[in-house]
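Here's the structure we're looking at; comments come further down.
Nothing here was measured: the structure is a model prediction, and the numbers come from that model.
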Number of protein chains: 2
Amino acid sequence: MHEAKGPPRRADARRNRERLLAEAQATFAEHGTRASLEQIATRAGVGIGTLYRHFPTRQDLLEALLGARFDTLTATGRTLLATRPPGPALTEWTHSFVAATTTFRGLTAEVAQPLDDETTRLHASCAAMREVGTELLRRAQESGTVRTDVTPTEFFVLVAGVAWAHEQGLPDSPARVARLLDLLFDGLHR
Amino acid sequence: MHEAKGPPRRADARRNRERLLAEAQATFAEHGTRASLEQIATRAGVGIGTLYRHFPTRQDLLEALLGARFDTLTATGRTLLATRPPGPALTEWTHSFVAATTTFRGLTAEVAQPLDDETTRLHASCAAMREVGTELLRRAQESGTVRTDVTPTEFFVLVAGVAWAHEQGLPDSPARVARLLDLLFDGLHR
DNA sequence: ACCCAAACGGAGCCTACCTCCGTTTCCGGG
DNA sequence: CCCGGAAACGGAGGTAGGCTCCGTTTGGGT
């Protein structure tokens, strides 16, 4: 979906990039987004310098991993848009969103930033994801499943809030997310 | 509400403790909860060793500040309980909660932890606060304003999620929190 | 005025971040 | 095949902040 521009990289460079991404994924999952970059480099069997050449900042590394998630989320959204009625489509996509956003501690915060920050490298794949989400929301509103006065931004902010809340809680039960999202959709009143 | 146990401290120790708390408050407000502790010590005109003697960890320092907020929140809750009808009481208290929890970046995460962690030093004042919140929720439920199947934990988790979401967003408008809390109470459906 | 426990302060060690540059590796042309 | 140089590598070392340890200072009781 992105990358693969400019002159082709050398074979060893490509190989190292892949190893770094794989180890970063594992290490972040284990220690959260603030894990030691030196450790990631070591685990990938490369020097710290190599890590920094490929990913000048921690953000860049996170973004490479996040970009893939955004792309997946975009694809999932398109499928749902085509195959499910508006209401369930939105609900199911929201669950996917929280799941994708929650795989390691601290990720939510990283997601929240590019959501409305135009300058991020990530903005492209994030924007695509956001667009699909917006469309899902719009259709759910059209079909009368969701109140029409909710803006896409408000929707994303609230869902990200739930994702964050879930990320904090130690018992990582899938039932818990489902429950929280139900409460969000149905409201606390009545 | 807490502190003031064991032998009385020496005058200089008490004085330094106050200055540290004041500067910590200011510095955290300015740079978030990850501000440099050395800087706080310097600004308070004491050595770094003194800071660490008073507050062995960053958590301890944060907790000292947080404890005061919790106590305030508890008091506010008691007042609301006595002077307002159940529905508005809960709503207004929730607003106070978000406000108190949002005064500097990263605070929400610190609040979330002791919420269900028994081992924290903070647990006492947190528990009091939580109890008032629970009572406010219970009365709102009794009066028919809030659905009865919402547990206190779910309530706190969701409100903290909104607080976090609000903390992320750069435009720190009070209207935004109000809107998000309205959405949370009324739900996205319909 | 004297004493010593309490409190202070910062040098110094540790860990992690990140840069810089000498060394190694890939790979296309001869 | 091998050779040259561009591309990529790796880690030493400078920087910053966290935290500890211990020699020095000071409050306040007698």
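Atom P of nucleotide dG17(D) and atom NE2 of His31(B) are separated by 11 Å, given to the nearest angstrom. Remark: P of dC14(C) and CD of Glu38(A) are 16 Å apart, rounded to the nearest angstrom. Across the protein-nucleic acid pair, Leu51(A) atom CG and dG10(D) atom C1' stand 12 Å apart, rounded to whole Å. In this entry the distance linking CZ of Arg14(A) with P of dA7(D) reads 15 Å, nearest Å. As a whole-Å value, the separation of Gln59(B) CD from dG18(D) C1' is 15 Å. Atom CZ of Phe55(B) is separated from atom P of dG9(C) by 14 Å (rounded to the nearest Å). Distance, Arg19(A) CZ to dC9(D) P: 13 Å, rounded to whole Å. Note: OH (Tyr52(A)) to C1' (dC18(C)) measures 5 Å, nearest angstrom.
In this model, the phosphate group of dA8(D) is not approached by any side-chain N or O of Asn16(A) to a distance below 4.0 Å at OP1 or OP2. Contact annotation: Ser36(A) side-chain N/O to dC17(C) OP1/OP2 distance is under 4.0 Å. Contact check, Thr57(B) against dC19(D): no side-chain N or O comes under 4.0 Å of OP1 or OP2.
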Original post:
For Val46(A) and Arg19(A), what are the C-alpha separation, side-chain angles and deciding distance, and is it a side chain to side chain contact (heavy atoms under 4.5 Å, CB included)?
Top reply: CA-CA 9 Å; Val46(A) 305; Arg19(A) 293 218 50 186; 5.8 Å; no

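Map Arg53(A) and Pro56(B) each onto its nearest nucleotide of DNA chain D; the residue landing nearer the 5' end is Arg53(A). Between Gln39(B) and Gly49(B), the residue anchored nearer the 5' end of DNA chain D, judged by the nucleotide with its closest heavy atom, is Gln39(B).
Residue contacts shown for Thr50(A) include a base, since a base heavy atom lies under 4.0 Å away. The residue Arg58(A) sits close only to the backbone: its heavy atoms come under 4.0 Å of sugar-phosphate atoms, none of a base. As judged by a 4.0 angstrom heavy-atom cut-off over every strand, Ile48(A) is placed among the base-contacting residues.
In this structure, of dG10(D), dC8(C), dA8(D), it is dC8(C) that holds the atom nearest to the side chain of His54(B). Out of dA7(C), dC18(C), dA16(C), the shortest distance to the side chain of Asp12(B) is found at dA7(C). Distance from the side chain of Leu37(B) is smallest for dC19(D) among the nucleotides dA5(C), dC19(D), dG9(C). Nearest nucleotide to the side chain of Arg10(A), out of dC8(C), dC17(C), dA7(D): dA7(D).
Other residues, nucleotides and ligands contribute more than 12 heavy atoms inside 6.0 Å of the CD atom of Glu142(B).
For the pair Phe156(B)/Thr134(B), a side-chain contact is recorded, criterion being any heavy-atom separation below 4.5 Å from C-beta on.
Of the possible donor and acceptor atoms, one in the side chain of Arg147(B) sits under 3.5 Å from a partner among the backbone N and O of Gly187(A).
With Glu167(B) as the partner, the side-chain hydrogen bond (donor to acceptor under 3.5 Å, both in side chains) test is satisfied by one option alone out of Thr101(B), Thr102(B), Thr108(B): Thr108(B).
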